[in-house]
Amino acid sequence: ETIGISIPAATHGWAGALNYHAERTVERLSEANPDLEFVLTTTSDPGQQVSDLEDMVATRNIDALVVLPFESEPLTGPIQRIADSGVWVTVVDRGLTQEGIEDLYVAGDNDSFGRTAGEYFAETLDEGAKVVVMRGIASTVDNERVAGFESAIEGSGIEVLAMDHGNWNRDTAFNLMQDWLSRFPDIDAVWAADDDMAVGALAAIDQAGRTDEMFVVGGAGMKEMVDRIRNSDPTVPVNVTYPPAMISTAIEMTALGLTSGAPVSGEFIIASELITPENAENYYFEDSPY
Amino acid sequence: MNTATLRQTRRPKVNLAVIAPVVALVVLVLIGIAMNPNFLSFANVTNVLARSAFIGIIAIGMTFVITSGGLDLSVGSMAAFVAGLMILVMNLLTESMGGGLPVILIGIALALFAGLAAGFINGILITRAGIEAFILTLGTMGIYRSLVTWLADGGTLSLGYEMREMYRPVYYGGIMGISWPIIVFAALAILGEIVMRHTAFGRHCAAIGSNEKVARYSSVAVLRVRLMTYVMLGLLVGIAVVMYVPRLGSASATTGLLWELEAIAAVIIGGTLLKGGFGRVWGTVVGVLILSLIGNLLNLTDFVSPYLNGAIQGVVIILAVVLQRNTGTAR
Amino acid sequence: MNTATLRQTRRPKVNLAVIAPVVALVVLVLIGIAMNPNFLSFANVTNVLARSAFIGIIAIGMTFVITSGGLDLSVGSMAAFVAGLMILVMNLLTESMGGGLPVILIGIALALFAGLAAGFINGILITRAGIEAFILTLGTMGIYRSLVTWLADGGTLSLGYEMREMYRPVYYGGIMGISWPIIVFAALAILGEIVMRHTAFGRHCAAIGSNEKVARYSSVAVLRVRLMTYVMLGLLVGIAVVMYVPRLGSASATTGLLWELEAIAAVIIGGTLLKGGFGRVWGTVVGVLILSLIGNLLNLTDFVSPYLNGAIQGVVIILAVVLQRNTGTAR
Amino acid sequence: MTRPVLALEGVTKSFGPIEILHGVDFALHPGEVHALIGENGAGKSTTMKILAGYLDPTEGQVTFGGKPTRFAGSDEAEDLGIIMIHQEFNLAEHLSVDQNVFLGREIKRGPFLDHKAMRARTAALLSQLECRVDPATPVNQLSVPDKQMVEIAKALSRQARVLIMDEPTAVLTGRETEVLFRQIERLRAEGVAILYTSHKLGEVKRIADRVTVLRDGTMIRSDRTADVTEDDMAAAMVGRELSDLFPPKAGGGADAILEVEDVSVPGVVEDASLTLNKGEVLGIGGLVGSGRTELAEAIAGLRPRSGTVRLNGQDLPPNQVAQAMRAGLAYLTEDRKGAGLLLDKTLRENLTLPLLETFGRPLIDRGREEAALDRAIDDFAIRAPERGMKVGDMSGGNQQKLLLAKTLLPDPQVVIIDEPTRGIDIGTKQQIYTLIAKLAAEGRSIIVISSEMPELIGLAGRVIVMHAGRIAGELAGDAVTEGNIVRLAMGMDDQKDSAA
Ligand SMILES: Nc1ncnc2c1ncn2[C@@H]1O[C@H](COP(=O)(O)OP(=O)(O)OP(=O)(O)O)[C@@H](O)[C@H]1O
Ligand SMILES: Nc1ncnc2c1ncn2[C@@H]1O[C@H](COP(=O)(O)OP(=O)(O)OP(=O)(O)O)[C@@H](O)[C@H]1O
Ligand SMILES: [Mg+2]
Ligand SMILES: [Mg+2]
C-alpha cells in the first residue's frame with residue numbers, strides 16, 4: 001500500500017516544522033508497517049504541486065493521498081480527479097473549495113487564529129490603543145487570519161496604525177519593525193501573524209530599547225515564544241497555537257485507515273488556542289525544531 | 001595547392017556539442033527507466049510533456065531574446081499577471097454575458113493581447129529608452145508580481161466553476177490522447193526553429209547578438225528586430241497562459257514564480273549563448289525537457305530527503321552543461 | 001592638432017553620467033524628508049545603513065565579478081548556507097567547549113573560510129571546467145539553498161541563547177553610535193574602490209571584461225584574475241554572514257532569499273556595465289543605498305496598498321537607471 | 001569630363017570641440033579610381049564615412065548626382081549604391097561567411113531564406129576573389145586576410161555605383177592584392193566610381209586614375225596619377241622630403257638568443273625550427289594562411305604547442321605568455337582590434353596593461369603611467385585629438401603605433417612583430433623601420449613577419465619562408481630577393497639556382 005504526501009516546501013518556519021513532523025511520522029510508520037510505502041513531495045507553488053500529484057498517480061500507484069494544498073482553489077480540481085479515481089484523500093489545513101471531495105479533513109482554523117489574537121488585544125488593550133500588524137506572504141491563509149483579527153478588534157477602539165507584509169520572514173519583519181519604530185512614537189502592541197515575524201519584530205524593539213512600551217503577539221507556538229511566555233515575559237504575554245504537528249495526525253489516521261481496514265473519515269478542526277503563562281508548559285516541546 | 005588541403009582539415013569535425021544536450025536527456029531517460037517501470041508509461045510521458053509546455057513555450061521566445069543579446073526576467077510574473085487579468089475579466093464577463101464560449105474566446109484574445117502589450121512595453125523601453133534589459137525586466141518583474149497580488153487582493157483569483165469546466169479541455173483534452181499543450185508546444189517549437197534558422201528575422205537576431213554595430217551597418221533594423229523579440233516573447237507568454245489557466249483555473253502571487261530562471265536555464269542548457277550571437281530553438285526544447293525530467297525523476301523515487309531536491313536539481317543542471325562542454329568543443 | 005595639445009588636455013570633461021546615481025539618491029532622500037520628519041533621525045539613518053551592509057558588502061564583490069564579465073547568482077543561498085553552518089558549528093562547540101569567546105572566533109573564522117571555499121568552488125568550475133557562470137551559479141544557488149534547508153531540518157537554526165547574547169554586539173554595538181556593520185561596510189567600500197581604481201587587479205578585471213583575448217595577449221593571467229573575483233566575492237559573503245548572524249541569531253531556508261538579484265541590481269544601478277569592462281565600487285554603494293531607501297520610504301508611509309510595494313520598487317529602480325541614462329552620456 | 005556621382009562641398013567635421021576636417025571639397029566620377037592618401041589621422045576614414053552616410057558632416061554638404069543629399073543612415077546611402085568597405089572589420093564573428101555576405105540583404109524564397117542560393121553566390125564571389133574559404137565557416141575561425149576577402153566579397157555582392165574602400169590591402173598579401181585590383185579594374189570598366197585609400201603608394205600609383213592628398217583635415221592637392229611620382233605623393237603627405245625608407249641593415253651577432261626546435265601546432269604548423277641571433281633582424285615570409293602567425297603565437301606562449309623554445313638557453317613552457325614576457329620575449333599581434341587593444345579604454349590604460357605591476361605596487365602610480373604615455377607619444381609620434389579618448393576613436397594607424405608602444409614597453413630582448421606597419425603611413429613607416437634598426441643596434445633581436453616583400457627585403461638580413469605550415473626554406477644575404485621569397489612561399493623547390 002502506498003501513501004502519497006504532498007506538502008509545501010520549507011520556505012518559512014511553520015512550513016519547516018510541518019516538513020519536520022511529516023518526515024518523522026513517515027519514518028516511524030515505515031518502520032512499524034513494512035508494507036506501507038510513502039511518497040513525500042514538497043512544493044513551492046501550486047503548479048508544481050499539481051505536477052507532483054500527477055506523478056504520484058501516474059508512476060507510484062498511490063492508494064491514499066495526504067495533501068496540504070498550497071492554495072485551495074487551484075488544487076480543488078486536480079484533487080477531485082484523484083479522489084474520483086478511487087484514491088483515499090486526506091486534506092490537511094487548507095480546505096478545498098468544493099465540499100465532499102476528501103475522505104478526511106484535518107485542519108487548523110485560520111480565522112480562529114486571527115480571532116483569538118484579536119480577542120486578546122480587545123480584552124487587554126484600552127480604547128485608543130495603537131497597534132501595528134505584520135502580515136504573512138500574500139495568500140488566502142494570510143487573508144483569513146487578518147480578517148479574523150480585524151473582526152475581533154472591531155468596535156474595541158483599537159487603532160491599527162499600519163499593516164504590511166513581513167512575508168513570514170524574520171529579516172523582513174526586523175526591517176519593517178525598525179521602520180515602524182522610527183515612524184510611530186507610540187505603539188502599544190504588535191500582532192505578527194506568525195512567530196518567525198515576531199522574532200524579527202522583537203529584535204528590532206529590543207534594539208530600539210522600547211521593550212517596555214509594547215507587547216508582541218505572534219502565532220503558531222514556536223518553542224522560543226512558548227518559553228518566553230512560560231517565564232512570564234511581559235513583552236510576550238501570550239501566543240496562539242496552530243500546530244504543525246497536525247500533519248502527523250493526518251498521516252497517522254490515513255495509515256491506520258489503510259492498514260486496519262477501518263477507515264476514519266470526517267473532519268478534525270483544530271481550533272487555535274491561546275497560550276498563556278498558566279498553560280504554556282503544555283505547549284512546550286523540547287525536541288521540536290520549531 | 002597545399003594550403004587548400006591544410007584548410008580542409010580544419011572544419012570537418014562532426015560537432016559533438018550539437019548533440020550533447022540530447023545525450024544528457026537520453027541519460028536522464030535511461031535513469032528514469034531503471035528507477036521505475038511506470039516511467040515510460042503513456043500517462044507519465046504525457047504528463048511530463050504537458051507540464052513542460054508552459055515554460056517551454058516561454059523559453060522558445062526567450063531563445064530569440066537571448067540570441068539577440070537581450071534578457072527578460074519578467075516573464076514569470078508577466079505570466080501571473082496576464083493569467084490574473086484573464087481570470088478577472090472572464091469572471092466579470094460571466095456575470096454580464098452569462099458565460100459560454102464567447103467569454104472563453106474573449107479571455108483568450110485578452111491573454112494574447114495582454115502578453116503582447118507587456119512584451120511591447122518591455123521592448124520599447126529597452127530599445128527606445130535604452131535601459132539595460134536586466135534592470136528593466138527586473139523592474140517590470142516586481143511590477144507585474146505586485147499587480148497580480150493586488151488584483152487578487154493578496155489571495156487567489158479563481159475562474160468561476162462553470163467556466164472552468166468549459167475551459168478545462170484546453171489543457172486536459174487533445175487529439176488522439178495527445179493533449180493540447182503538447183501539440184501547441186510542439187507546433188511552436190517547430191515554428192520557432194524554422195524562424196530561427198530559415199528566416200531573415202532569426203538571422204538578424206543572431207547578427208545583432210553577435211555584433212550590434214555590424215548589424216546596423218549591414219542595414220539590419222536593429223531596434224525593430226530587438227523590439228520584435230520582446231513582443232514575440234510577450235505573445236508566447238500569453239499563449240502559455242492560455243494553456244495554463246485551464247490547468248489550475250486560478251492565479252495568485254505565486255503563479256509563475258521563478259519561471260524566468262527556468263526558461264533562461266533551459267535556453268542555455270540547450271546551447272544558446274548567453275551573451276548572444278548564436279541560438280537554437282530545438283536545443284531549448286531539449287533543455288526544457290531536461291529540467292522537467294529532473295523534477296519528475298525526483299518524484300519517482302524517494303531515496304533523497306525532499307530537502308535535497310534542489311541540490312540534485314542544481315547538480316544535474318551543472319552536469320548537463322559540463323557534458324555539453326566536454327563532449328563537444330566550446331564555441 | 002599635434003602632440004603638444006595631446007599632452008595638455010588631460011582628462012577635462014566632467015562626466016554627468018558619473019553623478020547620476022547620486023542624483024537619484026539625493027532625490028530619494030528629499031522625498032523621504034518631505035514625507036516623514038523622522039526620516040533623517042539618527043536611528044533611522046543608522047538602521048538603513050546597517051541593514052544595507054549585508055547586501056552592500058556582497059555587492060562590492062559582485063562589482064568585481066561583473067566588471068570582469070562574470071555573474072554570480074548563488075550569493076544569497078551561499079550566505080544562508082554559510083550562516084547555517086556557522087550556527088550549527090557554534091552550537092556544537094558550545095556543547096563541547098562550553099561557549100565563550102573562542103567559540104565566536106572559531107565561528108567567525110569558519111564563516112570566512114566557508115565563504116572563501118564556496119567562492120573558490122564557483123570560480124574554479126567557471127574558469128577551469130569552463131561552465132557558463134550563469135548556469136553554474138544557478139546550480140550552486142539551488143545546491144546551497146537545499147543544503148541549508150537540510151542542515152536546519154526544514155526549520156530554523158538558532159544560535160544558543162548564551163552565545164547569541166555574547167555575539168550580539170557585532171551587529172548592535174559599534175564605535176560612537178556607529179554600529180559595526182556600517183563601519184565594516186564603509187571600510188570595505190573604500191578598500192574596494194581603491195582596489196578597483198588603483199591596483200593592477202582592478203585594472204585587469206576591467207580589461208578581461210572588456211576583451212578577454214586582448215587581456216590574454218597582454219599577459220594578464222585571465223583565469224587567475226577571474227577565479228580571484230569569485231573567491232573575493234565568496235570571502236565577502238562570509239564577512240556579510242559574520243555581520244548578519246548576530247542580528248537575529250538564526251538562519252533558515254529563507255535567509256538571504258533574492259539577495260543575489262538585489263546585489264546585481266545595485267551594481268548595475270551604480271553604473272557598472274552588465275557586460276563587463278567597466279565597474280565602479282562607489283556606484284555600487286550608491287545603488288545599494290538607493291534600494292534600501294526605497295524599502296525604508298515605503299515602510300515610513302502608507303499611501304499605497306502594501307500589495308503594490310513591489311511595483312513601486314520596480315518603478316523606482318527603472319527610474320534610477322533612466323535618470324542615469326539621460327543625465328549623462330550612455331557608455 | 002563626366003559629372004561627379006558623389007561629392008563633398010565645403011565639408012567640415014568635428015568630434016566634440018575638435019575639428020577634424022576643415023572645408024573639404026571633393027568629387028568622385030563614374031569609371032574613375034580615385035585614391036585618397038594622407039598621414040595617419042589626416043581624416044581619410046572620416047571623409048569616407050561621410051561620403052557613405054555613416055557620419056553626418058558638421059558643416060557643408062554631400063551631393064549625389066549633383067543634388068544635395070542628407071543620408072539618414074548608411075542603409076539609405078547603400079540603397080543608392082554607395083558601398084563602403086571599412087578599415088576595421090565589419091563582420092559578425094558568430095555568423096558564417098555566407099551569412100555575413102548577405103546580412104541585411106538575404107535572398108529569400110517566399111518568407112524563407114534561400115540557403116542554397118546564398119551559399120552558391122558566396123562561393124562564386126569568393127572564387128572570383130580566388131579565396132578558398134568554405135562559405136559555411138564561421139567568421140571567427142578565419143585569418144585576418146581571409147576576413148578582409150570576405151569583406152570585399154560582401155561589398156561586391158551589393159550592386160555598387162560608388163565603391164569606397166578604406167585601406168583594403170593593408171591586411172592582404174601581394175597575391176590577394178592582385179586579385180582585388182583585377183576586380184577594381186572590372187568595376188571601373190563597368191562605370192563604377194571607386195574611392196580607395198592605401199599607405200602603399202606603389203599600389204596607388206598603379207591602380208588610381210587620380211590621387212588626392214589630405215593633410216591634417218585639409219585637401220593639399222589633387223592630381224592625375226600619371227602626373228605625380230611616389231616621392232611627390234609622399235612629400236605632399238608628410239610635408240617634407242623623405243630620405244631612404246630603410247635604414248642600413250645591422251649585421252647581428254653569432255650568439256643564438258632564441259632557439260626554436262620542432263615546434264608544431266596541430267593543424268597549422270609542423271616541425272618548425274629556427275634560430276635567432278642577438279642583434280639580428282630575422283624576417284618570416286609566406287602566403288596568407290601559411291601559419292606564420294600561429295608559429296609566432298606558439299613561440300610567444302599564446303597557443304598550445306609541442307617542441308621546445310629556448311630563450312637565452314632557458315626553456316619556455318608552452319602556453320605561458322606571462323612567463324615568456326618576463327623572460328624577455330614580446331609579440332605584437334596582427335589582430336589589432338581583436339587581440340591588441342581595448343577599444344573602449346583610454347590610451348594610458350592600454351599602454352600599461354601588460355606591465356601594470358611595474359607601475360607601483362600595490363597602488364598604481366598614475367603619474368608614472370602618464371609619464372610613460374608621454375614618452376610613447378613622443379617616441380612613436382602618436383597623434384590623437386585628445387589624450388583621454390577611447391582608443392577605438394583613434395585613427396587606425398595611430399592605433400597601430402600605440403600597439404607598438406605597448407608591446408615594446410616591457411623593454412624585451414626579443415620582439416616578434418607580426419605585420420609591423422599594417423595601416424601605417426609612409427612617414428611613420430620610416431620611423432618604425434628606423435626604430436627596428438635601432439632596437440637591433442642596441443643588441444635586441446627582432447623577428448619581423450610581413451606580407452610586404454620590400455619590408456622583408458629592406459629590413460631583414462635573413463628571411464625564413466613558410467609554406468603550408470612548414471618552413472620551406474631560408475634565404476640570407478643577397479639571396480633575399482622577391483623572386484626567391486615568392487618561389488619558396490608558393491612551395492616550389494627549385495630555388496637552388498637563384499640562391500647560388
Ligand atoms: N568618434 C570619434 N571621436 C573622436 N575623434 C575621432 C572619432 N573618429 C575619428 N576621430 C579622430 O579623427 C581623426 C581622423 O581620423 P581618421 O580615422 O579619419 O584618420 P585616417 O586618415 O583614416 O587615419 P589612418 O590612416 O590612421 O586610418 C583622428 O585624429 C581620430 O582620432
Ligand atoms: N581559430 C582558428 N580556427 C581555425 N583556423 C584558424 C584559426 N585561426 C587561424 N586559422 C587558420 O590558420 C591559417 C593560418 O593563419 P595565419 O593567420 O597564421 O596565417 P599567416 O601565415 O600568419 O598569414 P597572415 O599573417 O598573412 O594572415 C589560416 O588559414 C586561418 O584560416
Ligand atoms: Mg583610416
Ligand atoms: Mg598572420
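So you know, we letter chains A, B, ... as the sequences are listed, proteins then strands, and number each from 1. Only a predicted model underlies this, so the values are computations on that prediction, with no experimental measurement involved. Any value given below was found using the heavy atoms of this structure, including those in side chains, with hydrogens, waters and symmetry copies removed.
Residues satisfying the salt bridge (Lys or Arg N to Asp or Glu O under 4.0 Å) test with Arg336(D), not counting sequence neighbours, are none.
The side-chain contact (heavy atoms from CB on, under 4.5 Å) with Lys213(C) is formed by just one residue from the set Asp335(D), Leu302(D), Thr333(D); it is Asp335(D).
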Please report, to 0.1 Å, the donor-acceptor pairs under 3.5 Å made by any side chain of residues 120-127 of chain C, with sequence neighbours excluded.
residue: Asn122(C); atom: OD1; partner: Thr140(C); partner atom: OG1; Å: 3.2
residue: Asn122(C); atom: ND2; partner: Asp72(C); partner atom: OD2; Å: 3.3
residue: Asn122(C); atom: ND2; partner: Ser74(C); partner atom: OG; Å: 2.9
residue: Thr127(C); atom: OG1; partner: Gly123(C); partner atom: O; Å: 2.8

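Of the atoms belonging to Thr407(D), not a single heavy atom falls under 4.5 Å from chain C. Both the backbone and the side chain of Ala207(C) come within contact range of chain D, judged by heavy atoms closer than 4.5 Å. Contact of Phe359(D) with chain C is not made at all, since no heavy-atom distance falls under 4.5 Å.
Looking only at heavy-atom pairs under 4.5 Å with chain C, the residue among Ala300(D), Ala330(D), Gly338(D), Pro410(D) that has the most is Gly338(D). Note: Ala339(D) leads Gly340(D), Pro362(D), Gly301(D), Ala339(D) in heavy-atom pairs under 4.5 Å with chain C.
Counting non-hydrogen atoms of neighbouring residues, nucleotides and ligands closer than 6.0 angstrom, the CZ atom of Phe113(C) reaches no more than 12 such neighbours.
Residues Leu341(D) and Val214(C) form no side-chain contact, since every pair of their non-hydrogen atoms from C-beta on lies 4.5 Å or further apart. Looking only at side-chain heavy atoms (C-beta outward), Arg197(C) and Ile364(D) stay at 4.5 Å or farther from each other.
Heavy-atom proximity under 4.5 angstrom to chain D picks out nothing from residues 60-70 of chain C. At a heavy-atom cut-off of under 4.5 Å, chain C is reached by Val321(D), Ala322(D), Met325(D) from residues 320-328 of chain D, listed in order of number.
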Please lay out, stage by stage, how Lys337(D) and Asn211(C) fare under the test side chain to side chain contact (heavy atoms under 4.5 Å, CB included).
CA-CA 10 Å; Lys337(D) 207 175 161 192; Asn211(C) 187 330; over 6 Å; no
Should Leu363(D) and Thr199(C) be marked as a side chain to side chain contact (heavy atoms under 4.5 Å, CB included) after you check the CA-CA gap, both sets of side-chain angles, and the distance that decides it?
CA-CA 5 Å; Leu363(D) 300 189; Thr199(C) 69; 3.8 Å; yes
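To the nearest 0.5 angstrom, Leu353(D) atom CG is 7.5 Å from Ser219(C) atom OG. Rounding to the nearest 0.5 Å places CD of Glu297(D) at 3.0 Å from OH of Tyr217(C).
Closest non-hydrogen pair, Ser210(C) versus Asp344(D), comes out as OG-OD1, 2.6 Å.
For the pair Glu357(D) and Arg203(C), the salt-bridge criterion is not met [side-chain N within less than 4.0 Å of a carboxylate O].
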